[in-house]
Amino acid sequence: MKYLITGINGFVGPHLANLLSEEGHEVYGMVRSSDGKEDDIRDIVPDKNYSKIKFLYAELTDFSSIERVFSNNKFDGVFHLAAQSHPPTSFVDPEGTFWVNAIGTINICKAITKYQPECRLMLCSTSEVYGAVPEDKMPIDESFPINPVNPYGVSKAAADLHVRERAATLKLPFFVTRAFSHTGPRRGRVFSVSSDAYQIVRIKKGYQEPIINVGTLSSKRVVIDVRDCAMAYYLLMQKFAPGEAYNIGGVVPYEMGELLDKMLKISGLDGKVEKRIDPKLVRPIDIPVQICNSQKCRNLTGWSPKIPIEETLKDLLDYWDKKINA
């Protein structure tokens, strides 16, 4: 099978590329320009997999470039992962976030519809579309109303609705995934958990004072490993029902402070650093708790998270240890 990954040089994309390659599929990766960003994924993708990837170049917000990709190539499926995915950035640039996430998705859908309507499409939406659901109403399943509380969630909600409407109206093989919190190797340092891991490694290497700048440590999330998330995407691509949305997530909620403490223990810095609240790391509107019901995905595919959180955190620390040099 031939699969295109938009945003292959992001967080989940390289892990998904490994999985697809190891399953024997042809992997195409869409990136914005041929400026060397393709090589950036080599920190996750080994040479044996990287050498098989065919890179294509397009800008999500430029339909003519998206059109070229789909008129010149045929795919069995598209994993649409490319996005502006950082909620705090969306408060600074709500228009840019909406343009990339919503209009970019419309362009992808339009090109597939025009040139290869048999091609399967997975939109990577987000749990942020649900907004701040009261804890007594959890766990959150796919029937919960969409009610985002930040511009990122709004942009993804628009894309989510568009994909499902296109599937229903035009009978296209499109579906949506709504992944809850996931982390692991290659997670950007502007995101929670990875930001802490990045600072821990800098402290260990003597590049930073023993002070960790943190956001809201009381926030609770059902965090899973990025590689488990990629597996869920792959399994759903084989078995989804058109027009449906699928939650992907764990069952054990962790406070962000609890995950930080686990990493401090793993790194040998337990009790040796100060945790300092940085106002810049606190969202204007925070979602205090997110607990999901992913039974729909589990029942359909047999998927469940396999990687223990301690292994995920250790691998994340090891990733930053290799990345950060003098």
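- Taking the six-membered ring where the residue is Trp, His25 and Tyr3 present perpendicular rings, their angle passing 60° and hence far from 30°.
- Panel note: side chain Thr6, backbone Ala82; a donor-acceptor pair is recorded below 3.5 Å.
- Geometrically, Lys54 engages Tyr28 in a cation-pi contact, judged by NZ or CZ lying under 6.0 Å from the ring centre and within 45° of the ring axis.
- Phe70 has its ring centre no less than 6.0 Å from the ring centre of Tyr115.
- Residues in residues 123-173 take part in no ring pair (Phe, Tyr, Trp, His ring centres under 6.0 Å) pair, two or more places apart or across chains.
- Phe55 has its ring centre less than 6.0 Å from the ring centre of Tyr50.
- Side-chain N or O atoms of Glu128 include none that pairs as donor or acceptor with a backbone N or O of Pro151 at under 3.5 Å.
- Note that Arg186 lies outside the cation-pi zone of Phe11, set by a 6.0 Å cut-off to the ring centre and a 45° limit from the axis.
- Electrostatic pairing of Lys275 and Asp261 counts as a salt bridge here, judged by a charged N lying under 4.0 Å from a carboxylate O.
- Within 6.0 Å of CZ on Arg202 lie more than 12 heavy atoms contributed by other residues, nucleotides or ligands.
- A cation-pi contact links Lys110 to Phe63, judged by a cut-off of 6.0 Å to the six-membered ring centre and 45° from its axis.
- For the pair Arg166 and Phe174, the cation-pi criterion (under 6.0 Å, within 45° of the ring axis) is not fulfilled.
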